[in-house]
Amino acid sequence: MSLIFKLISGLFLLLAIFVVVLFIVFRVPDRPLAELVEKWAPPPSQFVDVAGMQIHLRDEGPRDDATPIVLLHGTSASLHTWDGWTESLIEERRVIRFDMAGFGLTGPSADNDYSIEHYASTVIAVLDHLNVDQVVLAGNSLGGNIAWVTALLYPQRIDALILVDSSGLPFEAKSVPIGFKIASTPILNKLAEQILPRNLVESSVKNVFGDPNLVTTELVDRYFDLTTRAGSRQALAERARQTKLTLTDRITELTLPTLILWGGLDGLIPLDIGHQFQNKLSNSQLVVFDNLGHVPQEEGPEETVSEVKRFLRLL
């Protein structure tokens, strides 16, 4: 017994030393919003007071567009994921995008509610703030889930949907970014509030690209910096804890025009889910990009936005 006790004590000591070393080497404290704004929120960024938060938002393009396009990012992303699409669309269309609660520069939810329904109500609150009645609503991953739930709950506000590697149906991931795994794991997610190795962020970003070689230093810098926004790491863990499927039994009620875009190399939400969306949405079309991953709008903005433009011309 004495030997076993010594072994256990030794293991705990080694673990304690390991954690201390991690803190010394990889500790990255939260950064206040003011430190991040200059680099990541230059004009046309603005912060609007909606739903008890200062939401980081960009509203670009012609104001006479009767049906603006609203772009919703996915988990741990930000409005910047849509830079390529926005640049291509704003010559003819009004494009609205914003950092959702818990991500980017917006910061944590004012009431700690990260349910899909609450995100949907925030989308509508943003539209009300901007005096926008109807929109084409697009979303990637989590943003796609929020988009189609918003269309279900507020059908009079949504003219058409664009779902990009959307979540919201049951799926089995082939590969999950390590950052997502940590956020979903008790104790580890508490450590992650203080410890953030840059190569962990890089690995997570590369995981969602079809071609990891396309992930640049600048792209990793953005994801790394925005992850350190005060409160965001705690919010990610809370969002993971609150994650659950919702309204899946009602998705077949949606009959509005829907474009489904999917990366053929998506290891997080496999292509089979894209086919399931197509089967459940009676007025939908599916376009697959064989060489792209989970964030095709960011990995291949030119080829994906061309399909968006084709879809918009048919409306």
Side-chain angles (χ1 to χ4, degrees), residues 22-48 53-60 71-87 97-110 114 139-143 176-184 188-209 212-240 268 293-295 297-299 301:
L22 279 179
F23 266 82
I24 293 172
V25 177
F26 295 115
R27 182 175 184 270
V28 179
D30 279 351
R31 299 170 65 185
L33 176 63
E35 286 187 14
L36 298 166
V37 165
E38 182 177 358
K39 184 174 183 179
W40 300 114
S45 280
Q46 55 180 302
F47 288 84
V48 297
M53 299 174 287
Q54 289 294 309
I55 291 180
H56 177 219
L57 177 145
R58 291 184 183 176
D59 183 359
E60 302 166 83
L71 306 174
L72 306 178
H73 63 78
T75 299
S76 294
S78 63
L79 59 76
H80 306 87
T81 193
W82 302 106
D83 283 351
W85 278 26
T86 301
E87 182 179 354
R97 48 189 171 136
F98 60 94
D99 291 342
M100 294 187 294
F103 306 113
L105 295 177
T106 292
S109 166
Y114 296 98
N140 170 234
S141 194
L142 168 64
V176 179
I178 187 170
F180 290 8
K181 292 180 181 178
I182 290 173
S184 303
L188 286 182
N189 54 27
K190 295 300 292 184
L191 288 174
E193 292 178 10
Q194 295 294 328
I195 299 172
L196 188 66
R198 190 179 185 281
N199 59 3
L200 184 149
V201 176
E202 182 176 2
S203 171
S204 295
V205 178
K206 286 184 174 180
N207 182 274
V208 295
F209 269 57
N213 293 318
L214 295 177
V215 175
T216 64
T217 299
E218 292 74 20
L219 185 60
V220 176
D221 285 345
R222 188 184 82 214
Y223 276 90
F224 181 85
D225 284 356
L226 296 181
T227 299
T228 67
R229 194 261 193 228
S232 288
R233 281 176 280 184
Q234 296 90 331
L236 176 60
E238 185 60 28
R239 162 67 197 142
L268 181 58
H294 183 62
V295 286
Q297 79 284 354
E298 190 159 12
E299 185 177 4

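Looking at residues two or more places apart in sequence or on another chain, you find no salt bridge (Lys or Arg N to Asp or Glu O under 4.0 Å) involving Glu299. Among residues two or more places apart in sequence or in another chain, the side chain to side chain contact (heavy atoms under 4.5 Å, CB included) test is passed with Asp59 by Gln46, Leu57, Arg63, Arg94, Ile96, Leu130. Take Pro212 and apply the side chain to side chain contact (heavy atoms under 4.5 Å, CB included) test, not counting sequence neighbours, and it matches Lys206. Applying the side chain to side chain contact (heavy atoms under 4.5 Å, CB included) rule to Glu87 yields no partners; only residues at least two apart in sequence or on another chain are considered.
Within the 4.5 Å cutoff, side-chain heavy atoms of Leu196 are placed close to those of Arg233. In this structure, the side chains of His80 and Leu226 come closer than 4.5 Å at one or more pairs of heavy atoms. When side chains are defined from C-beta on, Val295 counts as touching Gln297, because their heavy atoms get closer than 4.5 Å. Within the 4.5 Å cutoff, side-chain heavy atoms of Gln234 are placed close to those of Asp30.
Separation of atoms CZ (Arg222) and CG (Leu219) is listed at 5.0 Å; rounding is to 0.5 Å. In this structure, the separation between OG on Ser232 and CZ on Arg31 is 11.5 Å, given to the nearest 0.5 Å. Of the inter-residue distances, the one linking Asp221 atom CG with Arg198 atom CZ reads 4.5 Å to the nearest 0.5 angstrom. To the nearest 0.5 Å, atom CG of residue Leu268 and atom CG of residue Asn207 are 7.0 Å apart.
Arg239 places a side-chain N or O within donor-acceptor distance of the main-chain N or O of Tyr114, the cut-off being under 3.5 Å. The main-chain N or O of Asn199 is never found under 3.5 Å from a side-chain atom of Ser203 such that the two would form a donor-acceptor pair. A donor-acceptor pair is defined here as one N or O able to donate and one able to accept, closer than 3.5 Å; such a pair exists between the side chain of Thr227 and the backbone of Tyr223.
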Exercise answer: donor-acceptor pairs, residues 97-110 side-chain atoms, under 3.5 Å, sequence neighbours excluded:
{"from": "Arg97", "atom 1": "NE", "to": "Thr86", "atom 2": "OG1", "distance (Å)": "3.2"}
{"from": "Arg97", "atom 1": "NH1", "to": "Leu79", "atom 2": "O", "distance (Å)": "3.0"}
{"from": "Arg97", "atom 1": "NH1", "to": "Asp83", "atom 2": "OD1", "distance (Å)": "2.7"}
{"from": "Arg97", "atom 1": "NH2", "to": "Glu60", "atom 2": "OE2", "distance (Å)": "3.0"}
{"from": "Asp99", "atom 1": "OD1", "to": "Leu79", "atom 2": "N", "distance (Å)": "2.7"}
{"from": "Asp99", "atom 1": "OD2", "to": "His56", "atom 2": "ND1", "distance (Å)": "2.7"}
{"from": "Asp99", "atom 1": "OD2", "to": "Leu105", "atom 2": "N", "distance (Å)": "2.8"}
{"from": "Thr106", "atom 1": "OG1", "to": "His56", "atom 2": "N", "distance (Å)": "3.1"}
{"from": "Thr106", "atom 1": "OG1", "to": "Asp99", "atom 2": "O", "distance (Å)": "2.5"}
{"from": "Ser109", "atom 1": "OG", "to": "Asp111", "atom 2": "N", "distance (Å)": "3.3"}
{"from": "Ser109", "atom 1": "OG", "to": "Asp111", "atom 2": "OD1", "distance (Å)": "2.8"}
{"from": "Ser109", "atom 1": "OG", "to": "Asn112", "atom 2": "N", "distance (Å)": "3.2"}
{"from": "Ser109", "atom 1": "OG", "to": "Asp113", "atom 2": "N", "distance (Å)": "3.2"}
{"from": "Ser109", "atom 1": "OG", "to": "Asp113", "atom 2": "O", "distance (Å)": "3.4"}

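Smallest separation of non-hydrogen atoms from Ala41 and Arg58: CA-NH2, 4.2 Å. The heavy-atom pair separating His73 from Trp82 by the smallest distance is N-NE1, 3.5 Å.
Residue pairs satisfying the salt bridge (charged side-chain N to carboxylate O under 4.0 Å, His left out) criterion with at least one member in residues 37-48, sequence neighbours excluded, are listed as follows: Lys39-Asp225.
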